[in-house]
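Heads up, the thing below is written out as structure tokens.
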Amino acid sequence: MSEKYRSIVKVDSFQYAHRFMNWNREAKHLHGHSGYLTIELEDEVDPVTGYAHACKDGMKIAWEVCDHFHHATLFQEGDPLLDAVLDVYRKEGIVNDPDHCVPLKKIDHPLAWSYPEYRIVVTKKVSTCENLCELFYELLKDKMPIKKIEMRSSPINAASKEF
């Protein structure tokens with residue numbers, strides 16, 4: 001039996017806005033972050049390539065998911081601001097124009113769904129680093145052998161989870 005190694009994939013950085021709907025501190029206001037995602041992939045070393053997992057391939061796969069959150073606004077399910085923002089975006093014609101922006105696919109998962117034309121993601125849970133670790137794991141687990149995910153939204157806000 002071969003030893004397992006971990007390859008580390010980092011996505012630096014994607015920008016997003018969110019708020020904590022039921023929080024009584026300053027984070028109840030819509031605000032932005034630079035998100036940093038670190039994913040540890042565990043596998044045996046391929047005797048031909050010498051890699052447990054090619055980091056460039058892992059980064060490409062991770063970015064395909066993170067791009068849905070880049071320059072997006074995250075709302076928790078039930079947030080009354082969601083309908084107000086959608087109404088203003090529709091009225092003002094604020095859309096993710098595929099001629100000038102990366103076209104996005106729709107997220108349709110029990111933990112999150114999206115309005116890709118408006119770069120809006122609705123999360124089932126509040127969008128803390130802890131819950132975003134779980135969400136990114138769920139969106140990526142069938143695409144790579146994830147052992148650990150760390151989500152950082154600032155130098156002092158971070159969480160990690162092993163799987």
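Side-chain atoms are counted along with the backbone in the values below, which use heavy atoms only and exclude waters and symmetry mates.
- Listed here is the closest heavy atom pair of His29 and Arg19: O-CB, 3.5 Å.
- In summary, of the residues considered (Val95, Ile94, Leu104, Thr73), a side chain to side chain contact (heavy atoms under 4.5 Å, CB included) with Tyr118 occurs for Val95 alone.
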Side chain to side chain contact (heavy atoms under 4.5 Å, CB included) assessment of His109 paired with Glu138: CA-CA 9 Å; His109 188 276; Glu138 285 295 321; 3.6 Å; yes

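- In this structure a side-chain-to-backbone donor-acceptor pair under 3.5 Å is present from Thr128 to Asn131.
- A distance of 8.0 Å separates NE2 in His33 from CE in Met151, rounded to the nearest 0.5 Å.
- In this structure, Lys56 forms no cation-pi arrangement with Tyr51, as its terminal cationic atom is not both closer than 6.0 Å to the ring centre and no more than 45° off the ring axis.
- No option in Phe69, Trp63, Tyr36 other than Phe69 meets the ring-ring contact (aromatic ring centres under 6.0 Å, His included) test with Phe136.
- With a 6.0 Å radius and a threshold of 12 heavy atoms from other residues, nucleotides or ligands, Met21 has its CE atom above the threshold.
- Atoms CD1 and SG, from Ile61 and Cys66 in turn, are 12.0 Å apart once rounded to the nearest 0.5 Å.
- In this structure the side chain of Glu40 never reaches within 4.5 angstrom of the side chain of Ile146, judged on heavy atoms.
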Working for side chain to side chain contact (heavy atoms under 4.5 Å, CB included), residues His70 and Gln15: CA-CA 5 Å; His70 186 52; Gln15 314 305 310; 3.9 Å; yes

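- The residues Asp43 and Lys147 are annotated as not salt-bridged, no charged nitrogen and carboxylate oxygen being separated by less than 4.0 angstrom.
- Close placement of the His18 and Phe20 rings is indicated, their centers lying within 6.0 Å of each other.
- In this structure, Glu42 pairs ionically with Arg6, as a charged nitrogen and a carboxylate oxygen lie closer than 4.0 Å.
- Residue Ala112 comes nearest to Ile107 through the heavy atom pair O-CG2, 3.4 Å, listed as atom of the first residue, atom of the second, then distance.
- To the nearest 0.5 Å, the span separating CG on Leu139 from CG on Leu111 amounts to 7.5 Å.
- Met144 and Val11 end up in the same hydrophobic cluster when Ile, Leu, Val, Met, Phe, Trp and Tyr side chains are linked at under 4.5 Å.
- A salt bridge does not link Glu64 with Lys143: none of the charged nitrogens is closer than 4.0 Å to a carboxylate oxygen.
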Stepwise side chain to side chain contact (heavy atoms under 4.5 Å, CB included) check, Phe75 with Val85: CA-CA 10 Å; Phe75 289 102; Val85 170; 3.6 Å; yes

Step-by-step side chain to side chain contact (heavy atoms under 4.5 Å, CB included) determination, Leu41 to Val9: CA-CA 8 Å; Leu41 308 172; Val9 172; 3.7 Å; yes

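- Between Val122 and Gln76, the shortest heavy-atom distance links the atoms CG1-C, 4.3 Å.
- Remark: Glu130 CD to Asn157 CG distance equals 8.5 Å, nearest 0.5 Å.
- In this structure, CZ on Phe163 lies 6.5 Å from SG on Cys133, to the nearest 0.5 angstrom.
- Residue-environment remark: CH2 (Trp23) stays at or below the threshold of 12 foreign heavy atoms within 6.0 Å.
- Counting non-hydrogen atoms of neighbouring residues, nucleotides and ligands closer than 6.0 angstrom, the NZ atom of Lys106 exceeds 12 such neighbours.
- Note that NE2 of His68 is 10.5 Å distant from CG of Asn96, once rounded to the nearest 0.5 Å.
- Taking the ring centroids of Tyr115 and Tyr89, they lie at or beyond the 6.0 Å cut-off.
- With a 4.5 Å cut-off on side-chain heavy atoms, Leu37 and Val65 do not count as touching.
- Between Met59 and Lys10, the shortest heavy-atom contact is SD-O, 3.6 Å.
- Side-chain contact between Val121 and Tyr16 is absent, with no heavy atoms from C-beta onward closer than 4.5 Å.
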